J.: 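Handing you this structure, nothing more for now.
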Amino acid sequence: MATKGGQINKPMIYIKVVSGQDIRTKSSSGNTFCFLKVGKSKKVKTEIVQRASSDVSWTEKGRLFNAEEETATVQVNDYVTFFPDDFIGQVKLKFSDFADGIPRDEWFPLLNKSGKRELGGQLRLQIMETHPQKDTSISEADFAFKLHTLLRKGKMQAFNTLVAKQRKLMFKIPKGKHLSM
């Protein structure tokens with residue numbers, strides 16, 4: 001770990017819960033919220049959103065978590081007034097999957113409590129590893145313009161990785177097909 005001005009520069013993981021699609025609640029209330037559980041102890045709760053359809057959007061700000069925790073779980077619940085909240089589904093994240101520094105704005109399938117079976121529905125999360133001593137701000141543009149963000153932050157290795165991935169997607173030719181000129 002590097003130090004800067006006497007402070008330890010630990011990598012952090014930025015997580016923002018953006019929205020959900022096809023969220024199936026067990027009660028008729030449709031009051032949905034998320035718990036972010038990082039490691040074994042840190043828990044953060046999103047706002048409770050009242051909704052009329054199976055889609056939901058949160059207006060939360062993203063949060064920074066210590067990347068040394070290694071894992072996080074984002075659990076979607078249905079708020080019930082006089083009874084325990086109903087579990088809807090969860091997303092399990094390994095921070096090592098985001099260590100390349102590439103900003104991600106992706107949909108993740110909701111899994112059951114064991115994390116092995118998809119329940120239907122998905123959660124849109126924005127996730128990025130960052131170093132608070134180097135990266136002074138995180139904005140919505142970081143996720144919309146990934147290549148620009150990586151260049152601006154001087155993350156050339158992550159920039160080259162992302163360019164290589166995009167090239168493979170752009171020029172992927174199905175088996176048995178040929179380019180004709």
Side-chain angles (χ1 to χ4, degrees), residues 1-5 7-23 34-47 55-76 89-111 115-116 118-174:
M1 248 172 279
T3 61
K4 183 176 181 179
Q7 294 179 333
I8 297 175
N9 185 20
K10 295 180 182 179
M12 304 289 283
I13 295 287
Y14 171 88
I15 302 175
K16 180 179 178 183
V17 178
V18 180
S19 58
Q21 270 186 339
D22 301 325
I23 305 293
C34 294
F35 264 125
L36 281 80
K37 298 177 188 177
V38 179
K40 294 180 181 175
S41 59
K42 178 96 175 174
K43 283 185 182 179
V44 178
K45 182 179 174 182
T46 66
E47 65 185 323
D55 297 340
V56 61
S57 292
W58 285 273
T59 57
E60 302 281 318
K61 290 185 177 182
R63 293 180 171 88
L64 287 172
F65 299 99
N66 184 347
E68 292 176 345
E69 292 291 342
E70 299 180 7
T71 62
T73 302
V74 183
Q75 182 176 318
V76 183
Q90 67 182 355
V91 173
K92 293 192 174 209
L93 305 168
K94 289 190 301 184
F95 289 167
S96 60
D97 293 341
F98 309 101
D100 56 13
I102 297 172
R104 301 211 176 46
D105 187 343
E106 298 179 5
W107 289 95
F108 294 87
L110 291 177
L111 305 173
K116 296 183 178 170
E118 291 186 19
L119 297 174
Q122 50 188 347
L123 201 57
R124 181 177 162 217
L125 303 173
Q126 292 179 338
I127 307 168
M128 177 173 62
E129 183 184 73
T130 185
H131 294 78
Q133 299 296 327
K134 297 177 189 174
D135 305 331
T136 56
S137 67
I138 298 173
S139 72
E140 291 295 317
D142 290 344
F143 297 92
F145 306 104
K146 296 174 187 175
L147 292 172
H148 293 91
T149 298
L150 296 173
L151 283 175
R152 180 173 50 82
K153 294 185 177 192
K155 296 182 177 182
M156 294 311 296
Q157 184 175 359
F159 176 84
N160 290 331
T161 301
L162 187 57
V163 167
K165 284 180 183 178
Q166 288 185 348
R167 259 195 206 129
K168 284 181 185 176
L169 291 174
M170 286 175 55
F171 298 108
K172 192 172 186 175
I173 301 169

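Residues take their numbers from the sequence shown, with the count starting at 1. Keep in mind that this is a model prediction, so the values were computed, not measured.
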J.: Within the structure provided, determine whether V76 and L110 are in side-chain contact (heavy-atom separation under 4.5 Å).
T.: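 The answer is yes, as the side chains (C-beta and beyond) meet within the 4.5 Å cut-off.
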J.: To the nearest 0.5 Å, tell me how far L123 CG sits from I23 CD1.
T.: 6.0 Å
J.: Working to the nearest 0.5 Å, report the span between OG1 of T130 and CE of M12.
T.: 9.0 Å
J.: Residues two or more places apart in sequence or in another chain: which of them pass side-chain contact (heavy atoms from CB on, under 4.5 Å) with L36?
T.: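 In terms of side-chain contact (heavy atoms from CB on, under 4.5 Å), with neighbours along the sequence ignored, L36 is linked to I15, V17, V44, T46, F65, V74.
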J.: If you take all heavy atoms of E60 and K16, which pair is closest and at what distance?
T.: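 For E60 versus K16, the nearest heavy atoms are O-CE, 3.1 Å.
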J.: Taking all atoms of both residues into account, what is the closest heavy-atom pair of F98 and R104, and its distance?
T.: CD2-NH1, 3.7 Å
J.: On a heavy-atom basis, which atom in Q75 and which in K37 lie closest, and how many Å separate them?
T.: OE1-NZ, 3.0 Å
J.: Is there a donor-acceptor contact under 3.5 Å from the side chain of E47 to the main chain of T59?
T.: yes
J.: When I127 is tested against each of D97, L93, I102 for side chain to side chain contact (heavy atoms under 4.5 Å, CB included), which residue passes?
T.: L93
J.: How long is the span from the OG atom in S19 to the CH2 atom in W58, to the nearest 0.5 Å?
T.: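 Result: 7.5 Å between the selected atoms.
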J.: Between E129 and A99, what is the shortest heavy-atom contact and its length?
T.: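 Smallest heavy-atom distance, with atoms named: OE1-O, 3.1 Å.
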J.: Would you indicate whether E70, at its atom CD, is surrounded by more than 12 heavy atoms from other residues, nucleotides or ligands within a distance under 6.0 Å?
T.: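 No - once you tally the heavy atoms of other residues, nucleotides and ligands closer than 6.0 Å, there are 12 at most.
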J.: Taking all heavy atoms of P103 and all of M128, pick out the closest pair and write down the distance.
T.: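 Shortest heavy-atom contact: CG-SD, 3.6 Å.
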J.: Minimum heavy-atom separation for F95 and N66, please, with both atom names.
T.: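 In terms of heavy atoms, the two residues are closest at CE1-O, 3.7 Å.
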J.: Restricting to side chain to side chain donor-acceptor pair (under 3.5 Å), what partner residues turn up for E118, sequence neighbours left out?
T.: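 By the side chain to side chain donor-acceptor pair (under 3.5 Å) rule, E118 matches no residue at all.
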J.: Go through the structure and list residues passing side-chain contact (heavy atoms from CB on, under 4.5 Å) with Q21, not counting sequence neighbours.
T.: D55, W107, Q122
